[in-house]
Amino acid sequence: MIQAQTANSGIVGQAITYEKIPTQIYANAKDASAAVAKEIADLIRSKQKEGKPCVLGLATGSSPKTVYAQLIKMHREEGLSFKNVISFNLDEYYPMQPDSIHSYVRFMREQLFDHVDIPQENYFIPDGTVPPTMIADFAHRYDNKINAMGGIDFQLLGIGGNGHIGFNEPGSLINSRTRLMTLDHSTRAAAAMEFGGLHQVPKKAITMGVASIINAKRVVLLAWGERKAPMIKAAVEGPVTELVPASYLQAHPNVAFFVDERAANDLTRVKTPWLVDTVEWDNSMIKKAVTHLSFTLQKPILKLTTKDYNDNGMSDMLAAHGSAYDININVFNQLQHTITGWPGGKPNADDTHRPERALPAKKRVIIFSPHPDDDIISMGGTFQRLVDQGHEVHVAYQTSGNIAVADDEAFRFIDFVVDYNHKFGIESQAAMQIFNDAKAFLKQKKDSEIDTSEVRYVKGLIRRGEAKATCRFVGTEHFHFLDMPFYETGTIQKKGISEADVKIIADLIEEVKPHQIYAAGDFADPHGTHKVCWDAIEAALKQLKHKNFMKDCWVWLYRGAWAEWDIHEIEMAVPMSPDQVVKKRYGIFKHQSQKDGVVFQGEDSREFWQRAEERNSGTALLYDQLGLAEYEAMEAFVRWHF
Ligand code: F6R
């Protein structure tokens, strides 16, 4: 853990802090959640000793799930009792039935309450069923109930991509109380994934107000992933403003943010640590600082002067590592050496300064694709080059991706099969049963229902067909559908990774004995599937690491669908010509079920091909701005080492 600094900006010992909220940065969400869960457990126990209730304010959403999982574990393994806990949830969609799969009542029961010994009469969640005319009265009574309990002892929060806390959207006042709110477009877009489309997301919610939250004796806000980084920076370092409701927490005397490294990415101490404290100027820090300086001053690297370095807090780097001229050339060359049109290595070329080895000239490659379209979205240009340059390219689709297919799309395919079989007189075959059952289910499917295994099978088949079409379009027939078990729950909530998941990956690696593995290092996907897929690959690689063939196996991580590498991290950048960009677009179009209103859009309303093109042209532009060659687009990779 990186040590947090004190709340007020100014000088702390030697280090300057820009942070106005104490912020603890952890390596990952799991470690941070364990610390938060411990704090909650300690509070519950100390209140128990005093014979008092412990009043918790609880949040829903993806962020607190790991904290709740930890609390359940403590309940089971350490006997942590919740009998003295009284809890108030922040919010609920409106209108909302409590048994709907989208209800926060159901969420809280599934994530925590049903697994611990909290009495049912002890938890309160805003009621999504009260008639409109009664909402104001309900809200008033909700606040009164909190006050009657002596106020909230510990308030847990997440933060929205727009800076909201609870559903206090930008514009909420500091003195706001529990009330009905109209949800921000970005909040609804972020929830579209859970609801199967933006049009299904409620437009309103009942939320505790900012004042109700700030009155809590202790407030802890959680944030995981780069998606949250800009708002963490704004709330922690920016001015207090109603445009970022989380910034109101700067005024709280006992608040803390617990964030993972990626959510901390935009904080000054992480982004530009040399402006905060003395840093060790190793190669990666120099690269980070020089590229940052070049972007800030909008000057190509080779034009940076001694004065530029001195004026921007980097004179000690110059003192330790030579002149601006030497540093400029050094960083420029490093960046230059990341660029290659030969991702599988250039045969018969000196590879001293190339990202990949020249030999063997023909490599066996596995591209791991968490969902059936990540390969083409994130590294379609590189995939194409690898095939064109004669490598044996296998694509391993890790999950079926079945939950991201809309019902009407499944219906269309089922109709096709039924009509086709009818025409050729094969409808009596047992296989037809699957399609008829699926059709019958979809006809009467309710909002709160999970797809039957038949429907999931059909949806999985649709995505398989699309992935195969992409592979053929690029020019390989080596596709593998791994259908990793952790994914197959039929819901957004997945199972934990198991040995079976790891074995499937390890078996394939052992079978292919690849010289190169490409895997998704983009963990910003909304449901966390990429991380689990990577965890399985990492575990498999660790199992296999002593095998002989592994000595010759390099692992490259790609990004692109949801986030991109920072420029200083990139170790291989594969350029694309305008024609290659268009070809990649057509490859992405093969995923028809994900086009035109994808089910899981996230907060970003662009389609995947648009995101990919903008990210790839954005990377090329950054290289150009640094003073390197100007390409149409670039895909970027970071090498992973054991
Ligand atoms: C949830 C809530 C929201 C979420 C926020 C972040 O009860 O009130 O403020 O905490 O939208 O959501 P996640 O954690 O899903 O990113």
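All values reported here derive from a predicted model rather than from experimental measurement. For ligands, and for the atoms within them, numbers begin at 1 and follow the listed sequence. Index from 1, following the sequence.
Looking only at protein heavy atoms, the nearest one to atom 16 (O) of ligand 1 is K228 NZ, 2.5 Å. Here the heavy atom of the protein found nearest to atom 10 (O) of ligand 1 is G158 CA, 3.3 Å. In terms of protein heavy atoms, atom 8 (O) of ligand 1 is closest to D91 OD2, 2.3 Å. The closest protein non-hydrogen atom to atom 14 (O) of ligand 1 is S63 OG, 2.5 Å.
Residue R227 touches ligand 1 through its side chain alone, judged by heavy-atom distances below 4.0 Å. Contact annotation: for I159 versus ligand 1, heavy atoms closer than 4.0 Å belong to the backbone alone. Of the heavy atoms in T60, both backbone and side-chain atoms come closer than 4.0 Å to ligand 1.
Residue H164 has at least one heavy-atom neighbour below 4.0 Å for each of these atoms of ligand 1: 3 (C), 5 (C), 9 (O), 11 (O). For ligand 1 and S62, the ligand atoms under 4.0 Å from any heavy atom of the residue are 13 (P), 14 (O), 15 (O), 16 (O). Of all atoms in ligand 1, listed by their number and element, those nearer than 4.0 Å to a heavy atom of G166 are 2 (C), 3 (C), 8 (O), 9 (O). Interface of L90 with ligand 1, defined as ligand atoms under 4.0 Å from a residue heavy atom, comprises 8 (O).
Ion pairing between K38 and D42 holds under the 4.0 Å rule for side-chain N and carboxylate O. A salt bridge between E78 and K73 is absent, with no side-chain N of the basic residue lying under 4.0 Å from a carboxylate O of the acidic one. Between E226 and R559, at least one side-chain N (NZ, or NE/NH1/NH2) sits under 4.0 Å from a carboxylate O, which counts as a salt bridge.
Side-chain contact of H371 with D374: a donor-acceptor pair under 3.5 Å is present, judged by distance alone.
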Could you walk me through whether S378 and E635 pass side chain to side chain donor-acceptor pair (under 3.5 Å), step by step? CA-CA 7 Å; S378 302; E635 289 172 344; over 6 Å; no
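Stacking of R611 on the aromatic ring of F608 is recorded, both the 6.0 Å distance cut-off and the 45° axial limit being met.
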